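Along the sequence shown, residues carry numbers from 1. As the structure is a prediction and not an experimental result, all values here were calculated from the model.
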Amino acid sequence: MRRGTVIFLVINLIIIGFLVNAFSTLISLLFEDAADYAIHLSEIPAPGSDLIENRTQLIPKIIHQTYINTSIPAQWKEGQQACVDLHEDYEYKLWTDEKSREFIEAEYPWFLDTFDRYPFPIQRADSIRYFVLNHYGGIYIDLDDGCNRRLDPLLSYPAWLRQTLPTGISNDAMGAVPQHPFFALVIESLSKYNRNWGLPYLSVMYSTGPLFLSVIWKEYLRTTRPPSEGIRVLMPQEYKGHPWSFFNISKGSSWHGKDAQTIFWMGKHWLFLTVAGFMVAAVVGGCLWWMWSMWVMNAGRTSHGKKRMGLWKRISGGKERYELLDRMA
């Protein structure tokens, strides 16, 4: 094998290794089904079962929700009221924009500048839920996640999140004890992930939204931890769609822009895009290989005493061609 070929392959392997390492967490999410951390249906007592009273309560009985102000839109009112009515013995906290900023300023002043500088209001709505769970503990629920049954069985875990499709976890329903190390890691990571990725939807998802939370979750799982610091995952059938599910979902996600349609399309056609990506990479790699081979060949000719001819001269025939034509004329 030629020395130039070896150098070319080594350079490409280094580049590929760097990219794989940089995006290893995102790549691992594609193969994560959360089965090892799932809250199994057999663990959850049926609504009204006497077994609920025998379970140890770890998470405090607090429900957190967020909105701009106290005027809840009509499409979410029924779901919100269901959560309140089903949990009369729970403390209910509605975090308006004003209360959220006051809380950050009083309890986490080091984050206030980042909180104020977020370009999208949804980023503040996302981040405040992590801070209140870290501070108070309890259960956070999006307003479009109406309660279908009491949440008492979910109080028995030190922390829980819910699986989302096609992969990863979501931040629309989650619970934890106060000062759980996972949510401590989440709030500490917010400033580092506060970047603009061009598309508003992608910027939100990867700075404060479900993609950000999924990446931090995968990082958290790399360390072996005691059961008191564990995280369980609520699976889709326990989340919604069945009589025993915890939530009823109404229309929400009003912050999504037109760019979100592109992201959703990419999510539905991820296999096609993956194959297309490999094909493009193969074409680009082939072109680079051809350019490298030509450069090595030209360098070899030059090293043997031959003058290297530029690309334009090779195409045009060089100055001599025009001189010959002039003489013939």
For the pair [X] (side chain) and [Y] (backbone), establish whether a donor and an acceptor sit closer than 3.5 Å, ignoring hydrogens and angles.
| X | Y | value |
| --- | --- | --- |
| T66 | W95 | no |
| R232 | Y37 | yes |
| S245 | F247 | no |
| D144 | W76 | no |
| E43 | H40 | yes |
| Q237 | Y239 | no |

- Task: Would you check if D172 and I141 make a side-chain contact, meaning some heavy-atom pair closer than 4.5 Å?
- Result: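 Of all side-chain heavy-atom pairs linking I141 with D172, none is under 4.5 Å.
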- Query: Heavy atoms, side chains only, cut-off 4.5 Å: are M205 and W197 in contact?
  - Reply: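 They are not in side-chain contact.
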Measure the spacing between [atom1] of [X] and [atom2] of [Y] and express it to the nearest 0.5 Å.
| X | Y | atom1 | atom2 | answer |
| --- | --- | --- | --- | --- |
| T208 | Q123 | OG1 | CD | 5.0 Å |
| L133 | I128 | CG | CD1 | 10.0 Å |
| C147 | N248 | SG | CG | 9.0 Å |
| N69 | T96 | CG | OG1 | 7.5 Å |
| D126 | S207 | CG | OG | 7.5 Å |
| L234 | I39 | CG | CD1 | 5.5 Å |

- Item | Atom CD of E78 with >12 non-hydrogen neighbours under 6.0 angstrom |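 Open: at most 12 neighbouring heavy atoms sit under 6.0 Å from CD of E78.
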- Message: Can you confirm whether K61 is buried at NZ, in the sense that more than 12 heavy atoms of other residues, nucleotides or ligands lie under 6.0 Å from that atom?
- Response: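 Enclosed: over 12 neighbouring heavy atoms sit under 6.0 Å from NZ of K61.
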In plain terms, say whether [X] and [Y] are close enough for a salt bridge, that is, a side-chain N and a carboxylate O under 4.0 Å apart.
| X | Y | value |
| --- | --- | --- |
| D145 | K240 | no |
| D89 | R150 | yes |
| E238 | R162 | no |
| D97 | R101 | no |

- If every non-hydrogen atom of P158 is compared with every non-hydrogen atom of G230, which pair is closest and at what distance?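 Reported closest heavy-atom pair: CG-O, 3.7 Å.
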- Heavy-atom pair of closest approach, residues V177 and P60: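 Shortest heavy-atom separation between V177 and P60 comes out as CA-CD, 4.3 Å.
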Side-chain heavy atoms under 4.5 angstrom apart, residues restricted to Ile, Leu, Val, Met, Phe, Trp, Tyr: same cluster for [X] and [Y]?
| X | Y | answer |
| --- | --- | --- |
| V84 | L86 | no |
| L221 | F183 | yes |
| W244 | I139 | no |
| L41 | W160 | no |
| L154 | I52 | no |

Any side-chain donor paired with an acceptor under 3.5 Å for [X] and [Y]?
| X | Y | result |
| --- | --- | --- |
| Y118 | R124 | no |
| Y136 | N134 | no |
| N171 | Y130 | yes |

- Message: Below 30° counts as parallel, above 60° as perpendicular, anything between as tilted: where do the rings of F131 and W110 land?
- Response: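 The rings of F131 and W110 sit tilted, inter-plane angle from 30° to 60°.
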- Mind checking whether Y220 and H180 have parallel, tilted or perpendicular rings, split at 30° and 60°?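 It falls in the tilted class, 30° to 60°.
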- When you measure from the centre of the six-membered ring of F246, is the NZ or CZ of R149 under 6.0 Å away and within 45° of the axis?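 Pair R149/F246 counts as cation-pi.
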Within the 6.0 Å centroid threshold, strictly below: [X] and [Y]:
| X | Y | value |
| --- | --- | --- |
| F115 | Y108 | no |
| H135 | F103 | yes |
| Y206 | F212 | no |

- Those residues that, when tested against Y92, pass ring pair (Phe, Tyr, Trp, His ring centres under 6.0 Å) (two or more places apart):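 Ring pair (Phe, Tyr, Trp, His ring centres under 6.0 Å) check on Y92 returns nothing, list empty.
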- Query: Run the side-chain hydrogen bond (donor to acceptor under 3.5 Å, both in side chains) check on R55 and Y157 step by step: do they pass?
  - Reply: CA-CA 10 Å; R55 295 166 67 93; Y157 308 102; 3.3 Å; yes
